[in-house]
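Report on the following structure.
Lettering follows sequence order; numbering is per chain, from 1.
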Amino acid sequence: MYLELQQQLIQRFHDLLKRQYDVELPRIVVDQPPNVGLGEYALPLSFELAKKLRKAPRKIAEEIVAGLGPVPGFDKFEVAGAGYINAKLNREEAARLLLSERSKHQGSATGKKILVEHTSINPNKAAHIGHLRNSILGDTFVRLLQAAGAKVDVQNYIDNTGVQVADVVVGFLYLEKKGKSEIEALIANGSTGKPFDYYCWDLYARVSQWYEEGKENLKLRLQTLHNIEQGGNEPAEIGTIISNAIIRRHLETMQRLGIEYDFLPQESEILHLHFWELAFEQMKQKGVLYFETEGKNKGCWVMKRASSSQNAKRQPAAEGNDAPETKSGPDEDAKVIVRSNNTVTYVGKDIAYHLWKFGLLGRDFGYQRFYRYPDGRLVWISAESGEPDHPHFGSVNTIYNVIDSRQADPQNNVIEAIRGLGYIEQAENYHHFSYEMVALTPRCAMDLGYEVSEEDQKRAYIEVSGRKGFGVKADDLLDSLIAAAQKEVDSRHPEMDEQERRGIASQIAIGALRYFMLKFTKNSVIAFDFKEALSFEGETGPYTQYAIVRATNIFRKADLSAEEILAGHTDLRFLKEDDELWELWLRAGQLSSIVEQCIATTEPAYAAKYAFQLAQQFNNFYHKHHILTETDEARKRFLLTTAAVVRRALIQSLELMGIDAPSVM
RNA sequence: GAGCCCGUAGCUCAGGUGGAUAGAGCAUCUGCCUUCUAAGCAGAGGGUCGCAGGUUCAAGUCCUGCCGGGCUCGCCA
């Protein structure tokens, strides 16, 4: 509601400026006045026009208001302060619009097909809190895009032929002295007493330690890596077995949080289906790659780096002397794509993969069914020779890669390669959805029993490390959250049966976890702290869930359905007199505006803030107006409608974040 | 050395493309459960927005330079 009216307003002002002053502003800024009594929209445009038109801002504002005439949906326009124009909505009309809204809005992404890649955990160990941030951000962004009308393919890239998998293969072969069948048995019966991903978590840390004990050990690693890349040998088979088992564990972990995928493209197929060769041809042809004959990169195929700042190394020339320093010799800053031993680097493979995403490679994966969710949704995985009947992924125009900020450099290399190939539009629509890492506070690390050096103890946070086995596992955290929530639910609802209580505890735990990962903006490092993460009070997911439950309880007690209230008649004139109630309606009407803002800025945190603030306003309302004892029937009906409108917006805002609204709490 | 990010209340963080009086949660203190559930509400204290310049009607927000912290820069993946 809010967004549509704002767009109409902007159009109106745009037309008026053209007609009355013959000016066009690049954009018309719309703010909100400090309080809703002043109006719903504030336009500071007369300040901007003051210089252009050589008039006082206030004068301009008055002229504009005078020339505006009636605008549908609006009651009046007022000049305020030094020259703001405040627009006041017709509250009843706007409220009617809000009441009639469907749940999904026709957003900016309507009709678009978009590919989002997230999670992409190396398949050699259990998922940890850092991975959770990735998956929760990614999954929430998928939901936001869908809310804006997009059709979204969700991909989880699997690096199943990299060193990380090789390390665990080495662990099984040389530390545990286990062969293929023993590993298969281990996966099948779980005889170790811990899940396979947990088992590998520990083994991976042990192997990393073991490498430091001798150079021969590192040789085994390299050899195993080569075997895996090549395929068709025992280490490669073991690698596949491990990778598949771990991927299943990751899917199960993420499923607990309501996170699902459509397709798992694997590096093994990028290698074996020779994606690189096709990309290599294109890149040579278009001159994106060149063969270096000198310097440290002699014998390699290299690519000019986008960020390579030629100016950086140049000393400013002497005054008045503009001697251009002609670059002679090799560009030592270039990015190596093909090594002198003729093998391709990770970035090279990534370029090929991304050409495929945009449908520019001229080759496709094979597809095989891999996993089925309870709701019937299928996860497909790449394969050399796939099933004959399969959906097609890729060939989209817009992609989002949810990858942490440490990979900004390689991501930019891929984008530059695509741009260099002449795919300008695709390069523009390639979004590196970058976010900062999750780290542990020193106290948290010590509580977990890790040794923390004195130096590290002074730091604000310590980076988690799968290699060292240093971190909080996703399943462990979720288990702790569920246990904590269960305790609360048990004490509040002893009358409910065990399974029901467990279900609600799980919804609360997921709400707490997902909200926790979303409340911080992407650029802020999360210094993980159990006390905060396990909290259900204050700015948390359960706070918003609780507000919904309170609203639900009103309808339950009154034996009414919130949906019927929304559909029925209500007297909206109460909105005229009460700014606080109107503010609640207005805020509820801003949901689609928030969705668009989240997408435009790739920042899901705005949705989290919105949900919390709306819940806060609702709790305030709940406390102030005791609905069921209201004696004025018309007013009671109106308050019920208010609760229903806000409840609906709260539920929708939580849906965007993948958080359920429990029936009771 | 270069690039990216961060620095706002005791702590953790918000402050969309500059806009009206800098906010929230936690923590501390004071009130509020015979009411639609207190996982809640109301109130109090707490700020040189890292420092210094600049841009303009207007700067926490933009520019420059410092200071402090993090990450990244390999013929690893």
Side-chain angles (χ1 to χ4, degrees), chain A residues 26-27 29 31 33-35 38 42 44 47-48 50-51 56-57 80-84 122 159 161-166 225 267 296-300 302 305 307-309 312-313 333 335-341 343 345-347 349-350 404-410 412 434 436-437 439 459-461 463 485 488-489 492-493 508 519-527 529 531-532 535-540 542-543 545-547 549-558 593-594 596-598 600-601 603 605-606 608-609 612-613 616 619-620 622-629 643 664-665:
Chain A
R27 58 174 170 273
V29 176
D31 287 314
N35 68 71
L38 295 172
F47 298 112
E48 204 176 334
K51 202 187 271 176
Y84 284 95
N122 277 303
D159 183 5
T161 54
V163 275
Q164 295 220 22
V165 170
L225 179 62
E267 189 175 68
K296 65 169 188 172
N297 295 333
K298 185 176 174 182
C300 298
V302 301
R305 223 183 266 263
S307 53
S308 80
S309 43
K313 278 179 188 165
D333 205 32
K335 175 73 197 161
V336 172
I337 303 297
V338 181
R339 306 183 186 102
S340 57
N341 68 2
T343 57
T345 60
Y346 177 79
V347 171
K349 284 177 265 190
D350 221 19
D404 76 66
S405 64
R406 289 170 290 192
Q407 297 212 48
D409 264 13
N412 285 331
S434 168
E436 281 290 344
M437 62 179 173
R459 298 158 69 116
Y461 49 80
E463 199 172 348
E488 297 291 326
V489 177
R492 283 159 212 248
H493 299 283
I508 293 167
K519 70 192 270 195
F520 304 93
T521 49
K522 296 179 303 175
N523 280 342
S524 120
V525 175
I526 298 181
D529 181 75
K531 212 180 89 198
E532 271 182 71
S535 169
F536 300 146
E537 287 167 21
E539 199 200 335
T540 65
Y543 177 95
Q545 290 175 313
Y546 187 60
V549 166
R550 284 177 139 182
T552 304
N553 284 345
I554 297 171
F555 296 104
R556 180 180 296 133
K557 184 97 174 194
S593 170
I594 297 293
E596 294 299 334
Q597 190 192 333
C598 288
T601 54
E603 181 53 89
Y606 295 133
K609 292 286 173 209
F612 173 64
Q613 281 164 12
Q616 225 173 10
N619 274 332
N620 188 304
Y622 178 90
H623 188 254
K624 200 171 278 182
H625 306 275
H626 198 268
I627 299 175
L628 296 183
T629 54
V664 296
M665 274 178 80

Fill in: Sugar-phosphate, base or nothing in reach of A:Y346, heavy atoms under 4.0 Å
base

Worksheet item: At what distance, to the nearest 0.5 angstrom, does CD of A:E596 lie from OH of A:Y606?
Response: 14.5 Å

Practice prompt. May I ask you to say whether A:R406 pairs ionically with A:D404, meaning some side-chain N is under 4.0 Å from a carboxylate O?
Written response: yes

Worksheet item: So what does A:F47 hit on the nucleic acid, given a heavy-atom distance under 4.0 Å: a base, only sugar-phosphate, or nothing?
Response: base

Discussion item. Taking 4.0 Å as the cut-off, does a side-chain nitrogen or oxygen of A:N620 come that near to OP1 or OP2 on B:rC41?
Written reply: no

Practice prompt. Taking syn as within 90° of 0 and anti otherwise, name the glycosidic form of B:rC29.
Written response: anti

Fill in: Touch class at under 4.0 angstrom, heavy-atom based, for A:V338 against every strand present
nothing

Fill in: Phosphate contact (B:rC71 OP1 or OP2) by A:R459 side-chain N/O below 4.0 Å
yes

Item to complete: For A:Q164, report the nucleic acid contact type (base, sugar-phosphate, nothing); a contact means any heavy atom under 4.0 Å.
Response: nothing

Practice prompt. Answer with base, sugar-phosphate or nothing: what part of the nucleic acid does A:E463 contact at a heavy-atom distance below 4.0 Å?
Written response: sugar-phosphate

Practice prompt. Let me know the distance between CG of A:N122 and C1' of B:rC76, rounded to the nearest Å.
Written response: 12 Å

Fill in: Any A:R492 side-chain nitrogen or oxygen under 4.0 Å from OP1 or OP2 of B:rU37
no

Worksheet entry | Nucleotide forming a Watson-Crick or wobble pair with B:rC41, both distances under 3.5 Å | B:rG31

Worksheet item: What does B:rC71 pair with, Watson-Crick or G-U, if both distances are under 3.5 Å?
Response: B:rG3

Practice prompt. Provide, to the nearest angstrom, the distance between the NZ atom belonging to A:K609 and the P atom belonging to B:rG15.
Written response: 8 Å

Worksheet entry | Who pairs with B:rA59 - Watson-Crick or G-U, where each distance is under 3.5 Å | none

Worksheet entry | A:K531 NZ - B:rC13 P separation (whole Å) | 14 Å

Worksheet item: Hey, is the side chain of A:T521 poking within less than 4.0 Å of OP1 or OP2 on B:rC5, counting only N and O atoms?
Response: no

Item to complete: Examine the base of B:rU72 for any acceptor or donor lying under 3.5 Å from a partner atom in the side chain of A:R406, and report the outcome as yes or no.
Response: no

Practice prompt. For A:L225, report the nucleic acid contact type (base, sugar-phosphate, nothing); a contact means any heavy atom under 4.0 Å.
Written response: nothing

Worksheet item: Touch check for A:A42, heavy atoms < 4.0 angstrom, all strands: base, sugar-phosphate only, or nothing?
Response: base

Practice prompt. Remember a base hit wins even if backbone is also touched, and classify A:V489 as base, sugar-phosphate or nothing at under 4.0 Å, heavy atoms.
Written response: base

Worksheet item: How many angstroms lie between NZ in A:K335 and CG in A:N412, if you round to the nearest 0.5 Å?
Response: 12.0 Å

Item to complete: Give the rounded distance in Å between these two atoms: OH of A:Y606 and C1' of B:rU17.
Response: 10 Å

Worksheet item: Phosphate oxygens OP1/OP2 of B:rA2: is one of them under 4.0 Å from a side-chain N or O of A:R305?
Response: no

Worksheet item: Should A:Q616 be listed as having a side-chain N or O under 4.0 Å from OP1 or OP2 of B:rG25?
Response: yes

Practice prompt. Tell me whether the OP1 or OP2 atom of B:rC6 has a side-chain N or O from A:Y461 closer than 4.0 Å.
Written response: no

Worksheet item: Side chains of A:N619 and A:Y543: do they bring a donor and an acceptor to under 3.5 Å?
Response: yes

Worksheet item: Contact class for A:K296 (heavy atom, under 4.0 Å): base, sugar-phosphate, or nothing?
Response: base

Worksheet item: Do the side chain of A:S340 and the base of B:rC75 come within less than 3.5 angstrom through a donor-acceptor pair of N or O atoms?
Response: yes

Fill in: Touch class at under 4.0 angstrom, heavy-atom based, for A:F555 against every strand present
nothing

Practice prompt. Would you classify A:K298 as touching base, sugar-phosphate or nothing, given that sugar-phosphate means primed atoms plus P, OP1 and OP2, and contacts are heavy atoms under 4.0 Å?
Written response: base

Discussion item. Categorize A:N523 for me: base, sugar-phosphate, or nothing, with a 4.0 angstrom heavy-atom threshold over every strand shown.
Written reply: sugar-phosphate

Discussion item. Check the phosphate of B:rC75 against A:N341, side-chain N and O only, distance under 4.0 Å to OP1 or OP2. Yes or no?
Written reply: no

Fill in: Side-chain donor/acceptor of A:E603 to backbone N/O of A:T521, under 3.5 Å
no

Practice prompt. Would you classify A:E488 as touching base, sugar-phosphate or nothing, given that sugar-phosphate means primed atoms plus P, OP1 and OP2, and contacts are heavy atoms under 4.0 Å?
Written response: base

